[in-house]
Student: 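Below is the structure I would like to discuss, written out as structure tokens.
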Protein chains: 2
Amino acid sequence: MAHTADGLLNIGVIGLGRGFALMAPTFRADPRCRLVAAADPRPEARTRFEAEFSGRAYDDAEALCADPTVNLVYIASPHQHHAAQAIAAARAGKHVLVEKPMALEPSACRAMIAAAREAGVHLIVGPSHGFDASIAKAAELIATGDYGAVRMAQALNYTDFLYRPRRPEELDTAQGGGVVFSQGAHQIDVIRRLVGSPVTRVRAQVGAWDPARPADGAYTAFLSFANGAAASLTYSGYGRYDTDELMGWIGETGRPKNPAAYGAARRRLSSGAEGTLKAERAYGGAGADLPPAEHHEHFGPIIVSCERADLRPLADGVLVYGDEKPQLHKLAAPTVPRKEVIDQAWGAVIEGRAPLHTGEWGLANLEVCLAILRSSAEGREIDLPA
Amino acid sequence: MAHTADGLLNIGVIGLGRGFALMAPTFRADPRCRLVAAADPRPEARTRFEAEFSGRAYDDAEALCADPTVNLVYIASPHQHHAAQAIAAARAGKHVLVEKPMALEPSACRAMIAAAREAGVHLIVGPSHGFDASIAKAAELIATGDYGAVRMAQALNYTDFLYRPRRPEELDTAQGGGVVFSQGAHQIDVIRRLVGSPVTRVRAQVGAWDPARPADGAYTAFLSFANGAAASLTYSGYGRYDTDELMGWIGETGRPKNPAAYGAARRRLSSGAEGTLKAERAYGGAGADLPPAEHHEHFGPIIVSCERADLRPLADGVLVYGDEKPQLHKLAAPTVPRKEVIDQAWGAVIEGRAPLHTGEWGLANLEVCLAILRSSAEGREIDLPA
């Protein structure tokens with residue numbers, strides 16, 4: 001197992017794209033992290049990485065995995081590369097933090113889990129909104145038992161996901177594109193953490209309503225859980241109604257959102273070549289850097305009904321609606337964005353504590369994503385393996 | 001078929017309880033209506049009715065049905081009496097407006113439908129929130145085809161239903177109590193009108209979380225429709241989170257709601273004998289009369305996703321979220337509350353136009369309610385009869 005003398009997470013990044021651009025503020029701000037290496041096919045991204053972090057930049061993921069200074073590989077490449085890269089990193093003795101969905105097939109997830117186990121390294125699937133501070137707080141409140149058992153949960157998210165700049169495969173569900181793999185992975189992660197029990201059955205319908213962006217862009221799903229709870233999850237990425245209205249116009253990444261910018265994603269998309277627009281949002285691109293987030297991240301409106309209270313995780317806390325009054329359990333403002341991701345990685349790699357977002361956890365999220373797609377395709381409820 | 005010389009709806013009311021208290025402002029305000037008779041076992045309600053409306057008051061529904069001045073019987077008695085009273089009214093040649101749920105068994109609904117058909121009278125199931133002006137407007141906008149087909153719908157409603165004063169049978173699902181029969185009937189009505197297609201399959205979970213109020217108090221349901229759309233419907237009557245927050249704090253009946261009154265239903269319930277509290281909300285009771293409603297009625301947040309727009313019916317209009325901008329289709333303020341109910345009754349009784357909310361429509365709503373209960377009890381998806 002990889003350790004380094006300085007006692008830090010010495011991170012090697014595979015993929016300096018949008019995922020890394022969204023994690024970079026965390027790595028910059030969290031003193032437990034040091035970015036020592038990166039791999040990316042784009043020379044300009046490598047140059048920028050070397051200049052900013054004084055790390056080594058490789059054009060090839062295998063070379064990065066062989067770098068002896070790296071003890072944690074963060075895999076932020078396109079979905080279809082996750083499995084092979086995670087296995088290579090584990091075999092090189094590195095701990096692995098891999099973006100969701102960890103892979104597109106359960107067999108690939110199992111191979112990743114086995115590789116990590118054999119190498120004695122941790123495999124953590126993240127970041128995702130199941131890490132969010134308000135979700136952790138709500139789960140902690142539920143776990144006190146003060147509100148009785150979780151019985152019902154509701155998650156909505158209406159965004160412009162489908163009109164953000166995409167690579168061609170991101171618009172093809174068969175290649176891991178669409179909202180079920182990318183956004184369902186968040187919503188399922190959040191709801192599983194709150195309900196605290198395995199998903200047993202899934203009934204869902206998936207929608208692909210724009211022939212010009214043919215991946216699935218919406219779904220609504222009914223989930224049954226082993227503890228008897230049920231949840232309804234709904235997502236639309238078609239860029240019309242925006243549920244951030246119900247979150248005080250704080251956006252997913254914890255930054256204020258301007259309601260007057262309605263339709264901005266569609267307009268931006270028609271303003272230039274999609275590949276160029278995509279590159280602008282990747283690390284080093286003109287549109288990659290965001291102002292500091294004053295609020296925690298969130299994934300849209302959620303209502304968890306326990307026997308004796310409803311809980312609503314918000315960007316700045318958790319509202320608990322009891323019998324007599326609502327009570328806000330306020331969160332301190334974020335110091336390091338997505339600090340919770342580093343908490344899990346640090347706990348695992350440095351302190352040897354098992355993370356919540358293990359490979360098994362990520363596999364279970366993927367199983368639900370696949371069941372959503374299958375339930376819709378077959379028009380029936382899908383049983384999940386116990 | 002009953003007609004009267006004055007060309008008005010000459011209405012006989014069965015049951016001067018809460019249902020009538022909520023319809024009385026309509027009857028008072030709509031010049032097309034005249035209340036000519038009522039039947040109720042409570043002498044004080046009959047006395048008040050006679051004094052207010054100069055109508056005849058009977059202690060018995062059969063006597064009311066025999067009254068030759070009545071051409072429309074409005075049945076607002078407890079659910080379990082609807083079928084027998086509707087059949088008696090139809091056989092006496094009266095048109096029938098019956099509260100939802102029209103009955104508790106499909107066989108009873110069919111007998112009501114047959115009785116009305118044989119007598120050549122109209123059977124209308126209402127009022128319910130499927131009549132609401134914003135729902136009618138949204139359905140009309142969808143029917144233009146401008147937004148493409150309806151693909152997905154979402155309905156939420158979190159209220160204090162279970163803590164309003166109840167008769168014992170209203171807290172027993174087997175006797176027609178609980179939120180599925182009383183409130184599901186609204187939500188299903190609304191969503192069926194918006195989706196515009198028969199429900200084919202139902203997966204649902206029902207919750208009964210308060211042993212002191214043992215009827216079902218919450219549900220979440222996944223509905224499939226013949227036109228390929230799917231909808232998620234969620235309701236909680238446990239008096240905690242209140243979705244009227246998402247409706248600009250305008251309550252279900254179109255009146256402003258004070259968020260500071262959180263928990264009022266539970267507190268009121270513990271302030272006295274439940275039977276007394278129930279009577280106060282019935283016609284003639286101290287708590288029955290409400291100030292005029294400045295907004296239209298609604299049944300909580302609803303989002304209907306068509307292929308090219310999301311529609312949100314609100315208390316004062318319909319917000320249509322297109323690709324470029326949201327557009328509010330504003331409704332004129334209500335002149336007569338629940339005017340839409342009288343529109344359907346007038347259209348049917350006086351002008352001979354078939355109403356939307358026929359007995360067959362009400363039966364289809366009931367079939368979905370029953371499928372929700374059955375899906376939850378059996379833990380599986382339920383096919384509805386075609």
Side-chain angles (χ1 to χ4, degrees), chain A residues 148-149 151-154 156 158 163 200-201 203-210 218-224 228-234 236 238-243 245-246 259 262-263 266-267 301 303 305-312 319-326 375-376 379-381, chain B residues 148-149 151-154 156 158 163 200-201 203-210 218-224 228-234 236 238-243 245-246 259 262-263 266-267 301 303 305-312 319-326 375-376 379-381:
Chain A
R151 294 300 193 97
M152 188 167 89
Q154 184 70 43
L156 296 181
Y158 286 62
Y163 297 91
T200 54
R201 308 185 78 185
R203 181 69 179 99
Q205 177 134 329
V206 169
W209 310 330
D210 182 352
Y219 63 82
T220 185
F222 180 96
L223 273 50
S224 302
S232 287
L233 279 60
T234 300
S236 169
Y238 281 104
R240 289 156 189 154
Y241 178 55
D242 184 344
T243 40
E245 177 180 334
L246 312 183
Y262 188 96
R266 267 194 179 77
R267 283 191 295 277
I303 312 162
S305 296
C306 298
E307 290 166 302
R308 294 185 295 277
D310 291 337
L311 284 81
R312 281 184 72 209
L319 257 168
V320 178
Y321 297 81
D323 288 352
E324 283 156 36
K325 59 179 199 301
S375 175
S376 182
R380 64 181 186 90
E381 192 166 34
Chain B
R151 293 302 193 96
M152 188 168 89
Q154 183 70 43
L156 295 181
Y158 286 63
Y163 297 92
T200 53
R201 307 185 79 184
R203 181 70 179 99
Q205 177 134 329
V206 169
W209 310 331
D210 181 352
Y219 63 82
T220 185
F222 180 96
L223 273 50
S224 302
S232 287
L233 279 59
T234 300
S236 168
Y238 281 104
R240 289 157 189 153
Y241 178 56
D242 184 345
T243 40
E245 178 180 335
L246 312 183
Y262 187 96
R266 268 196 177 76
R267 283 192 295 277
I303 312 162
S305 296
C306 298
E307 289 166 302
R308 294 186 294 276
D310 291 337
L311 285 81
R312 280 183 73 209
L319 258 168
V320 178
Y321 297 81
D323 288 352
E324 282 156 36
K325 60 179 199 300
S375 175
S376 182
R380 65 181 185 88
E381 191 167 35

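Nothing here was measured: the structure is a model prediction, and the numbers come from that model. Letters A, B, ... mirror the listed sequences (proteins, then strands); counts begin at 1.
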Student: Under 4.5 Å from any heavy atom of chain A, what part of B/Glu324 do you find: side chain, backbone, both or neither?
Tutor: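 When you check distances to chain A, only backbone atoms of B/Glu324 fall under 4.5 Å.
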Student: Using heavy-atom distances under 4.5 Å, tell me whether A/Arg266 contacts chain B through its side chain, its backbone, both, or neither.
Tutor: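 Interface part for A/Arg266: side chain.
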Student: Measuring from B/Tyr238:OH to A/Met152:CE, what's the distance to the nearest 0.5 Å?
Tutor: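 The OH atom of B/Tyr238 sits 9.5 Å away from the CE atom of A/Met152.
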Student: Is A/Ala153 close to chain B through its backbone or its side chain, or both, or neither, when contacts mean heavy atoms under 4.5 Å?
Tutor: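 Neither; nothing under 4.5 Å.
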Student: For B/Ser224, is it the side chain, the backbone, both, or neither that has a heavy atom closer than 4.5 Å to a heavy atom of chain A?
Tutor: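 B/Ser224 touches chain A through side-chain heavy atoms alone.
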Student: Given the options A/Gly207, A/Gly239, A/Gly322, A/Gly263, which has more heavy-atom pairs under 4.5 Å with chain B than any of the others?
Tutor: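 Of A/Gly207, A/Gly239, A/Gly322, A/Gly263, A/Gly322 has the most heavy-atom pairs under 4.5 Å with chain B.
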Student: At a 4.5 Å cut-off on heavy atoms, which part of B/Tyr262 comes close to chain A: side chain, backbone, both, or neither?
Tutor: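 When you check distances to chain A, atoms from both the backbone and side chain of B/Tyr262 fall under 4.5 Å.
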Student: Which atoms form the tightest heavy-atom contact between B/Glu381 and A/Gly379, and what is the distance?
Tutor: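 Closest approach of B/Glu381 to A/Gly379: OE1-O, 4.4 Å.
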Student: Do you know which two heavy atoms are closest between A/Gln205 and B/Ala230, and how far apart they sit?
Tutor: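 Scanning both residues, the minimum pair turns out to be CB-CB, 3.6 Å.
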Student: Using distance alone, with no hydrogens and no angle criterion, decide if A/Ser305 and B/Ser236 have a side-chain donor and acceptor under 3.5 Å apart.
Tutor: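 Judged by distance alone, the side chains do not pair up.
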Student: Measure A/Leu319 against the heavy atoms of chain B and call it side chain, backbone, both or neither at under 4.5 Å.
Tutor: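 Neither; nothing under 4.5 Å.
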Student: If we define contacts as heavy-atom pairs under 4.5 Å, which of B/Arg380, B/Arg267, B/Arg312 has the most with chain A?
Tutor: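 The answer is B/Arg312.
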Student: Is the shortest side-chain heavy-atom distance between A/Ile303 and B/Thr234 below 4.5 Å?
Tutor: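 A side-chain contact under 4.5 Å is absent here.
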Student: For the candidates B/Asp242, B/Leu156, B/Leu233, B/Asp310, which exhibits the highest count of non-hydrogen atom pairs separated by less than 4.5 Å from chain A?
Tutor: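 Highest number of heavy-atom pairs under 4.5 Å: B/Asp310.
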Student: Using ring-ring contact (aromatic ring centres under 6.0 Å, His included) as the criterion, list what pairs up with A/Tyr158, not counting sequence neighbours.
Tutor: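 Scan of A/Tyr158 (ring-ring contact (aromatic ring centres under 6.0 Å, His included), adjacent residues dropped) gives A/Tyr241.
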Student: From A/Arg240 CZ over to B/Leu311 CG, what is the distance, rounded to the nearest 0.5 angstrom?
Tutor: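 Taking CZ in A/Arg240 and CG in B/Leu311, the distance rounds to 10.5 Å.
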Student: Can you check whether B/Ala218's main-chain N or O pairs, donor with acceptor, with A/Arg151's side chain at less than 3.5 Å?
Tutor: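 Not at all, since once roles are kept as given, no pair shorter than 3.5 Å links the two residues.
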Student: Which residues satisfy the salt bridge (charged side-chain N to carboxylate O under 4.0 Å, His left out) test with A/Arg308, sequence neighbours excluded?
Tutor: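 Listed in chain order: nothing, the list is empty.
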